[in-house]
Every structure is written in structure tokens, then in C-alpha cells.
Amino acid sequence: MLNYRLIGEVSFEINGFDALKLCERLRKSCKVISLYSKNETVFLTTSAFFEKRVKRLCEENDCVCETVSKRGALYFIAKYLRRYGIIFGAAAAAALIFVLSNTVTKIEIRGTDDPALISEIREVLASEGLSAGSYIPSLNCLALSDRIFSVLDGVAWASIDFKGSVVYVSVSESTQKVEAENMRMPANIVSTKDAVIVDAEVKAGQLSVLLGDAVHKGELLVSGIVDRADGAALYFHAYAKIIGRYEESLTFSQPYNETRQRPGDKTYRRSLGFFELEIPLPAMPLKKGANYSEKLQETPLRFLGMTLPFSLKTREYTEILTEEKAFSTAEALSEAYKRLAVYEKNFLGEVTVISRSVTESITDTGAEVRADYVLEGEIGRSTEIFIK
């Protein structure tokens with residue numbers, strides 16, 4: 001009864017003959033909220049859904065039906081249905097709010113404090129269509145992340161996410177800045193190599209070896225515990241640069257036959273999500289029988305700060321190409337030398353090469369290159385002192 005009153009109710013005053021018979025028909029034909037008769041006049045209150053049925057029934061029984069009052073949501077809304085300006089304005093306001101709720105208002109970059117790198121990231125994003133005012137569901141965050149990584153040498157990793165209308169770009173610098181040592185934690189410095197000490201520069205702590213001493217891996221080089229004259233011990237975070245001379249040997253091989261995998265073309269497919277339902281949007285089909293790696297990025301749609309049950313899902317498919325490659329002896333040696341060059345570029349850039357000897361060998365399965373080095377470089381590593 002309460003629901004009918006909220007939706008809408010209408011009251012009638014009906015005059016005619018045989019009121020009792022009419023009351024019985026009304027009771028059977030519609031949802032009665034109130035029904036009584038007085039001096040051959042029937043007073044009826046019923047749901048708005050039965051208004052036409054009551055009038056038709058009165059016509060069939062030659063009764064005069066007069067509408068006394070109309071109340072409820074249906075009648076309130078009906079008064080404004082033909083006021084097209086109000087309807088258009090409400091629709092335009094809803095559309096505007098929806099668009100603004102899904103429009104970028106701010107881009108926040110995390111993971112770096114370098115102003116130059118932040119400026120470069122913003123330039124890349126702007127060139128790819130991401131700036132203040134961009135429509136969030138139209139953005140491909142996976143492609144934007146890959147673009148930042150591929151264009152900027154200073155970025156080792158990038159990720160883009162949304163929270164409301166704010167875009168968060170998280171990056172990791174390829175060359176991390178060295179943090180200042182935590183001088184409050186007591187620590188020793190031990191050797192990471194079997195080496196001969198050639199130089200030592202101690203800023204904190206007590207040197208435990210002499211120049212020219214041979215040390216083993218794990219041996220104490222600089223102590224963070226210094227004894228005072230009164231017998232008490234002082235604890236430091238040992239800080240020093242210890243240069244040692246050591247030998248290192250590495251072997252790089254290349255088989256004559258090798259199976260390699262490499263990334264191929266990327267394909268993006270989008271779909272509209274509604275709770276657990278997913279509706280695919282038109283896209284280029286994937287190759288039949290191809291092997292793909294998959295990434296998923298989901299952007300929820302928002303309205304007035306509320307997350308709607310709709311979302312735009314973007315899947316990135318990267319084709320994995322498998323290649324069978326055969327090498328001749330000369331080509332296998334060349335590949336082994338390339339691996340040696342990559343190692344020297346990446347790992348020997350901060351050490352001094354005293355001597356280098358390279359030996360080639362050919363086996364039944366491939367070619368090998370052995371490199372023997374005499375190197376000079378930093379050999380110290382901090383280890384914490386646990387005080388009881």
C-alpha cells in the first residue's frame with residue numbers, strides 16, 4: 001500500500017445507480033486504497049496505474065466519474081514531461097558531470113625529484129595525448145608506459161594509474177642516486193674479493209689491513225669498533241674506499257644451434273566491463289596459433305566522484321616470436337665476443353683493467369671465449385654490527 005501511495009494515487013467521486021454493485025466491481029478490478037459510498041455516491045482512491053481502468057468501468061456502467069485529486073511521483077513528473085528545456089538542461093548537466101568526472105585535471109609524477117626528467121616525462125605524455133583535459137577512458141595507459149620507457153634513457157620502469165581525475169605516473173630511474181650512508185647504524189667493512197690492497201681512504205672507522213696485504217673474501221678491512229684510551233668502545237658506521245687488485249676469469253659460449261625468443265608486434269584490444277560482464281569493442285583480430293604475452297589495464301568510469309559499475313579494459317598482446325638460428329664457427333665466435341663486450345661495458349666500467357687475456361676454443365657444440373683479467377677496484381662492503 002505504501003509503495004502505491006509513493007508512486008501515485010488518484011481519488012474519484014462516482015455517481016450512478018446501484019452503487020453497491022459498482023463498488024464490488026471496482027474492488028475486483030483495481031488496487032483499492034480507499035472505497036466507500038454515501039447517498040448513492042461512491043468515493044474511490046486507487047493507484048495511478050488503475051486510473052484509466054476505473055474510467056472505462058464507469059463508462060460501461062453509465063456512471064459519472066469525476067477526478068477529485070491526484071498525488072504522487074508519477075503526477076509530479078508528468079507535469080514536467082513537456083517542459084523540454086528542463087529535460088534538456090538536466091541531460092546536459094548529467095553529461096557534463098560525467099565528462100568532467102572522467103577528465104584529467106592533474107598529472108602527478110612519482111619516483112623521481114629530477115626536474116629535468118619530470119619535464120621530459122610530461123613532454124612525452126603530452127605528445128601522446130595525455131595532459132590536463134584529456135578524456136581518461138580514451139587513454140591507453142599500457143602504451144603510454146611503454147612509450148616513456150622506450151623514449152627516455154633515464155627511466156628503467158614506468159607505470160600509469162588513475163585515482164579520480166588525477167593521473168599518477170610512477171617511474172624508476174635507471175641510474176639511482178646514491179643515498180647518504182646511515183651513520184647511526186654501526187657497521188664494519190669486509191672484502192668482497194680475494195685481493196691485494198693497493199689503496200685505502202678511511203673516513204670513519206679503523207683500518208685493519210695495510211697496503212700490500214693479501215686479503216680473502218669476507219675478511220675485515222675497516223672496523224666500526226674503536227677502543228678508547230679509557231677502555232670503552234666506540235661504535236661507528238665504517239665509511240671507507242678500499243681499492244684492491246684481484247683476478248677474474250669469465251667464459252662466454254655460443255652454441256651452433258640456438259632457439260631464441262623475441263617480442264614481436266603489439267596489439268591492443270578494448271572492452272567495456274559491467275560488473276562481471278565484458279563486452280568486446282571492435283579491434284584487429286589476433287593471429288591464429290600465435291603465442292602472446294598479455295597485460296591488462298582497467299580504467300573505471302566515474303560520476304560525481306563515485307565509481308560506476310562500468311569500466312574500460314585495455315589488453316596489450318605482445319607476440320612472442322620463436323626463432324631457430326644456426327651459426328657457423330666464425331659467427332659463433334662473433335656472438336661470444338659480443339657477449340664479452342656487453343659484460344665489459346656493463347660491469348667493468350667502474351674498475352681499472354690492469355691486464356686482459358682472451359682465449360678462444362672450439363667444441364663440437366659451439367664456440368667459447370675465455371677472458372682472464374687482472375683488475376683494480378672497490379672491494380669493500382658494509383656489514384652491520386649487532387651489539388648485545
query = Would Phe12 and Phe43 count as a ring-ring contact (aromatic ring centres under 6.0 Å, His included) if you check the C-alpha gap in whole Å, the side-chain angles of each, and the deciding distance to 0.1 Å?
reply = CA-CA 6 Å; Phe12 299 100; Phe43 297 91; over 10 Å; no
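- Judged purely by atom type and a 3.5 angstrom limit, Thr192 has no side-chain atom pairing as donor or acceptor with the backbone of Gly380.
- Remark: the Thr329 side chain and the Glu331 side chain contain no N/O donor-acceptor pair separated by less than 3.5 Å.
- Contact of the Asp194 side chain with the Tyr246 side chain is not registered, since no non-hydrogen atoms from C-beta on lie closer than 4.5 Å.
- Side-chain contact between Arg356 and Val358: present, with at least one pair of heavy atoms (C-beta onward) separated by less than 4.5 Å.
- Smallest separation of non-hydrogen atoms from Glu368 and Ser253: CG-CB, 3.7 Å.
- When side chains are defined from C-beta on, Phe50 counts as touching Lys31, because their heavy atoms get closer than 4.5 Å.
- Side chains of Arg269 and Thr267: no donor on one and acceptor on the other come within 3.5 Å.
- Under a 3.5 Å cut-off, the side chain of Ser29 and the backbone N or O of Leu26 do not form any donor-acceptor pair.
- Among all heavy-atom pairs drawn from Cys30 and Val54, the shortest one is SG-CG2, 4.1 Å.
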ask   = After noting the C-alpha distance and the side-chain angles of Arg71 and Glu9, does the key distance pass the salt bridge (charged side-chain N to carboxylate O under 4.0 Å, His left out) rule?
value = CA-CA 5 Å; Arg71 298 176 298 276; Glu9 64 178 29; 2.5 Å; yes
query = Can you check salt bridge (charged side-chain N to carboxylate O under 4.0 Å, His left out) on Lys193 and Glu248, steps first, answer last?
reply = CA-CA 10 Å; Lys193 307 281 186 181; Glu248 191 169 278; 3.4 Å; yes
request  = Starting from the C-alpha separation in whole Å, work towards a yes-or-no answer on side chain to side chain contact (heavy atoms under 4.5 Å, CB included) for Leu312 and Leu281.
outcome  = CA-CA 10 Å; Leu312 190 64; Leu281 300 178; 4.0 Å; yes
message = The test is side chain to side chain contact (heavy atoms under 4.5 Å, CB included); show your working for Val369 and Thr251 and say whether it passes.
response = CA-CA 6 Å; Val369 173; Thr251 300; over 6 Å; no
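- For Glu323, the CD atom counts as densely surrounded, since its 6.0 Å shell holds more than 12 non-hydrogen atoms of other residues, nucleotides or ligands.
- Of the possible donor and acceptor atoms, none in the side chain of Arg260 sits under 3.5 Å from a partner among the backbone N and O of Glu324.
- Side-chain N or O atoms of Ser119 include none that pairs as donor or acceptor with a backbone N or O of Pro115 at under 3.5 Å.
- The side-chain heavy atoms of Val198 and Glu376, taken from C-beta on, include a pair separated by under 4.5 Å.
- Side chains of Thr314 and Asn140: no donor on one and acceptor on the other come within 3.5 Å.
- Formation of a donor-acceptor pair under 3.5 Å by the Asp199 side chain with backbone atoms of Ile243 is not found in this model.
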request  = Apply the test salt bridge (charged side-chain N to carboxylate O under 4.0 Å, His left out) to residues Arg53 and Glu51: give CA-CA distance (whole Å), side-chain angles for both, the deciding distance (0.1 Å), then the verdict.
outcome  = CA-CA 6 Å; Arg53 184 180 300 180; Glu51 180 180 2; over 6 Å; no
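- Here the closest heavy-atom approach between residue Ile379 and residue Val215 is recorded as CD1-CG2, 4.4 Å.
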inquiry  = I'd like to know whether Val171 forms a side chain to side chain contact (heavy atoms under 4.5 Å, CB included) with Trp157, so could you lay out the CA-CA distance, the side-chain angles of the two residues, the decisive distance to 0.1 Å, and finally the verdict.
reply    = CA-CA 6 Å; Val171 299; Trp157 172 84; 5.8 Å; no
message = For a side chain to side chain contact (heavy atoms under 4.5 Å, CB included) check, start with the C-alpha distance between Leu57 and Lys28, then their side-chain angles and the critical distance, and finish with the verdict.
response = CA-CA 11 Å; Leu57 188 61; Lys28 293 180 178 179; over 6 Å; no
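- Not less than 6.0 angstrom separates the ring centroid of Phe327 from the ring centroid of Tyr256.
- Between the side chains of Asp372 and Ser249, at least one donor-acceptor pair of N or O atoms lies under 3.5 Å.
- Counting only heavy atoms from C-beta outward, the side chains of Leu272 and Phe274 never approach each other to under 4.5 Å.
- Side-chain atoms of Glu120 do not come within 3.5 Å of backbone N or O of Leu117 as any donor-acceptor pair.
- In this structure, CG on Asp146 lies 11.5 Å from SG on Cys141, to the nearest 0.5 angstrom.
- In this structure, Arg25 contributes its side chain and Cys58 its backbone to no donor-acceptor pair below 3.5 Å.
- The distance from the CG atom of Leu321 to the CG atom of Asn291 is 9.0 Å, given to the nearest 0.5 Å.
- Ile148 has its side chain within reach of Val169: a pair of non-hydrogen atoms, C-beta onward, lies under 4.5 Å apart.
- Taken from CZ in Arg270 to CZ in Arg315, the straight-line distance is 13.0 Å, to the nearest 0.5 Å.
- Between Glu173 and Val155, the closest side-chain pair of non-hydrogen atoms is not below 4.5 Å.
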request  = Check the pair Glu360, Arg370 against salt bridge (charged side-chain N to carboxylate O under 4.0 Å, His left out), reporting the backbone distance first and the verdict last.
outcome  = CA-CA 6 Å; Glu360 301 174 357; Arg370 176 187 171 91; over 6 Å; no
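- Taking a cutoff of 4.0 Å between a charged side-chain nitrogen and a carboxylate oxygen, Arg27 and Glu24 qualify as a salt bridge.
- A side-chain donor from one of Ser11 and Thr45 sits under 3.5 Å from a side-chain acceptor of the other.
- Applying the side-chain hydrogen bond (donor to acceptor under 3.5 Å, both in side chains) test between Ser271 and each of Lys313, Glu298, Glu278 identifies Glu278 as the sole match.
- Scanning all heavy atoms of the two residues, the minimum distance from Ala240 to Val222 falls at CB-CG2, 3.9 Å.
- Looking only at distances, a side-chain donor or acceptor of Asp213 sits under 3.5 Å from a matching main-chain atom of Leu210.
- For the pair Val64/Ile14, no side-chain contact is recorded, criterion being any heavy-atom separation below 4.5 Å from C-beta on.
- For the residue pair Glu316 and Tyr268, a side-chain donor N or O sits within less than 3.5 Å of a side-chain acceptor on the partner.
- Looking at Tyr292, its side chain does come within 3.5 Å of a backbone N or O of Lys287 through a donor-acceptor pair.
- Side-chain atoms of Ser223 and Gln206 include no donor-acceptor pair closer than 3.5 Å.
- The backbone N or O of Phe49 sits less than 3.5 Å from a side-chain atom of Ser47, completing a donor-acceptor pair.
- Using a 3.5 Å distance cut-off with no hydrogens or angles, the side chains of Ser191 and Glu219 do not pair a donor with an acceptor.
- In terms of heavy-atom proximity, Leu220 sits nearest to Val209 at O-CG1, 3.8 Å.
- Listed here is the closest heavy atom pair of Val351 and Gly377: CG1-CA, 4.2 Å.
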